[in-house]
Amino acid sequence: MDYGEYKVSRDLAWKIILDMGFTELPIKVSAICQKLGIEVRSYNKAKLLIEKYHLEYKTRKTDGFTLGINGRCIIFYNDSCSKQRNRFTIAHELGHILLGHVPQKGIYLATFSKGSSLEQQANVFASRLLAPVCVLKEVGIISVKQIAELCGISETAAQYRFNRLNKLNEREQHFLRERGQSCYELSSLEREVLIRFQPYIKEHKL
C-alpha cells in the first residue's frame, strides 16, 4: 500500500466520524452500518442465507466477510469471537465497502489475499475509525489497556494503535525541532475531529 492509498483510507475514517456526528469514544460501528443501509448479521443468525449462497466454508476460515448482492451489502461476523474483535471485523468490512472494493452489480463475495493492498487499506480505515490517534494523544493515553477500554477494541488491536501513537509522538519531536510545528493537525479533517471531541477529551483527560 502506498502513501496515497493510506491517505485515502485514513481521511475516509475521519470523514465518516465527522459525517456521522460522533463526538466521543467508542465509535458506534453498528450505527454507521444502519445509517448507510448495510446489513450486519452473525454467522448463527444468518445460517440460512449463508447456506443459500454456499458460504459455509467462509465461516470456518474467517472472522467475517462481506457479500454484495446487486448493490446491497451484507457483513457477516463470527459469533464466537469477542465483542471487541467483532467491532474491528465489522469496521474492517465496512472499510472494504466504502473504499469501493465491493462491486455494485451482480453477486460478489469480497475475498482478498492476506497482506494485500486492499486488506491493508481496510485495516487502516478500521483502526483510524475506531481509535483515532489524535484523540488518544489529547486524552493522554499511556497504555495499551487504556486504548482497549476507551475504544472498545481488543488489546491486540490496541497494541497496534499504541505503537502508532508512540511513533507519531517521536515524529512530533522531530517536526518541532526541524520545522517548528507538530506533525499532528496537519489535515483539516483531523483538526475538525479534535474540535468535535473537545468536550469528550476534557472529560476523559488522564
Side-chain angles (χ1 to χ4, degrees), residues 1 5-18 20 22-33 36 38 40-43 58-59 61-66 75-99 101 110-171 184 189-190 193-194 197 200-201 204 206:
M1 178 180 60
E5 293 171 331
Y6 163 83
K7 188 172 181 292
V8 167
S9 297
R10 180 203 66 189
D11 289 357
L12 179 59
W14 284 336
K15 189 173 186 302
I16 290 296
I17 289 173
L18 295 172
M20 290 294 298
F22 291 125
T23 58
E24 60 182 29
L25 300 174
I27 298 298
K28 297 177 175 62
V29 184
S30 59
I32 301 174
C33 293
L36 297 179
I38 297 169
V40 179
R41 301 190 187 184
S42 69
Y43 288 172
K58 291 291 289 184
T59 67
K61 296 171 58 178
T62 64
D63 289 339
F65 60 93
T66 295
I75 295 174
F76 300 92
Y77 67 90
N78 191 343
D79 314 63
S80 64
C81 292
S82 69
K83 178 182 178 180
Q84 292 80 6
R85 175 61 187 170
N86 282 330
R87 277 172 46 76
F88 191 92
T89 296
I90 294 168
H92 175 95
E93 295 302 321
L94 178 62
H96 280 309
I97 295 168
L98 297 182
L99 288 164
H101 301 166
T111 302
F112 311 100
S113 301
K114 186 176 181 180
S116 68
S117 176
L118 297 184
E119 280 291 282
Q120 292 177 47
Q121 289 173 46
N123 277 334
V124 166
F125 172 83
S127 60
R128 274 62 179 176
L129 175 71
L130 297 177
V133 162
C134 57
V135 175
L136 299 178
K137 176 182 184 294
E138 292 303 309
V139 169
I141 289 294
I142 59 171
S143 74
V144 171
K145 186 176 181 179
Q146 289 171 343
I147 295 177
E149 291 177 348
L150 285 179
C151 300
I153 58 179
S154 69
E155 290 200 5
T156 299
Q159 181 69 63
Y160 283 103
R161 299 311 284 147
F162 187 65
N163 292 345
R164 179 65 175 172
L165 175 61
N166 287 336
K167 184 175 181 180
L168 287 175
N169 286 341
E170 290 176 5
R171 183 182 298 174
Y184 289 96
L189 290 171
E190 183 180 25
V193 168
L194 281 173
F197 274 75
Y200 173 85
I201 291 170
H204 292 81
L206 299 172

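Throughout, residue positions are numbered sequentially from 1 according to the sequence presented.
The line from CZ of F197 to CG of L136 is 9.5 Å long, rounded to the nearest 0.5 Å. Between H101 atom NE2 and F125 atom CZ the span is 11.0 Å, to the nearest 0.5 Å. Interatomic distance, NZ of K28 versus CE of M20, reported as 10.0 Å (0.5 Å rounding). To the nearest 0.5 Å, the span separating CZ on R85 from OG on S80 amounts to 11.0 Å. Taken from CD in E93 to CZ in F88, the straight-line distance is 10.5 Å, to the nearest 0.5 Å. For the atom pair E138 CD and I201 CD1, the distance stands at 5.5 Å (nearest 0.5 Å).
A donor-acceptor contact shorter than 3.5 Å links the side chain of S127 to the backbone of V124. Formation of a donor-acceptor pair under 3.5 Å by the Q121 side chain with backbone atoms of Y6 is not found in this model. Judged by distance alone, with hydrogens and angles left aside, the side-chain atoms of R161 form no donor-acceptor pair with the main-chain N or O of L130 at under 3.5 Å. R87 contributes no side-chain N or O that, together with a main-chain N or O of S154, makes up a donor-acceptor pair within less than 3.5 Å. In this structure, D63 contributes its side chain and N78 its backbone to no donor-acceptor pair below 3.5 Å.
Taking both residues in full, the closest heavy atoms of Y43 and T62 are given as OH-O, 3.0 Å, listed atom of the first, atom of the second, then distance. The shortest heavy-atom contact between F22 and I27 is CE1-CG2, 3.7 Å. Closest heavy-atom contact between C134 and W14: SG-NE1, 4.4 Å. Between L99 and A122, the shortest heavy-atom contact is CD1-N, 4.2 Å. Considering all non-hydrogen atoms of both residues, Y200 and T23 come closest at CB-O, 3.3 Å. The nearest pair of heavy atoms linking L94 to C33 is CD1-SG, 4.3 Å.
Taking the side chain as every heavy atom from C-beta outward, I141 and L150 approach each other to under 4.5 Å. A 4.5 Å side-chain heavy-atom check between T59 and F65 finds at least one atom pair inside the cut-off. In this structure, the side chains of L25 and V135 come closer than 4.5 Å at one or more pairs of heavy atoms. Taking the side chain as every heavy atom from C-beta outward, I17 and L189 never approach each other to under 4.5 Å. Contact of the D11 side chain with the K15 side chain is not registered, since no non-hydrogen atoms from C-beta on lie closer than 4.5 Å. Using a 4.5 Å cut-off on side-chain heavy atoms (C-beta onward), R128 and E190 make no contact. The closest side-chain heavy-atom distance from I38 to T66 is not below 4.5 Å. Within the 4.5 Å cutoff, the side chain of I97 has no heavy atoms near those of the L36 side chain.
With no hydrogens or angles considered, a side-chain donor-acceptor pair links H96 and E119 at under 3.5 Å. Side-chain polar atoms of E5 and S9 form no donor-acceptor pair below 3.5 angstrom. Under 3.5 Å, the side chains of N163 and Q159 contain a donor-acceptor pair of N or O atoms.
Heavy-atom neighbours of K137 NZ from other residues, nucleotides or ligands within 6.0 Å: above the threshold of 12.
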Evaluation steps, side-chain contact (heavy atoms from CB on, under 4.5 Å), between I142 and L206: CA-CA 9 Å; I142 59 171; L206 299 172; 5.7 Å; no
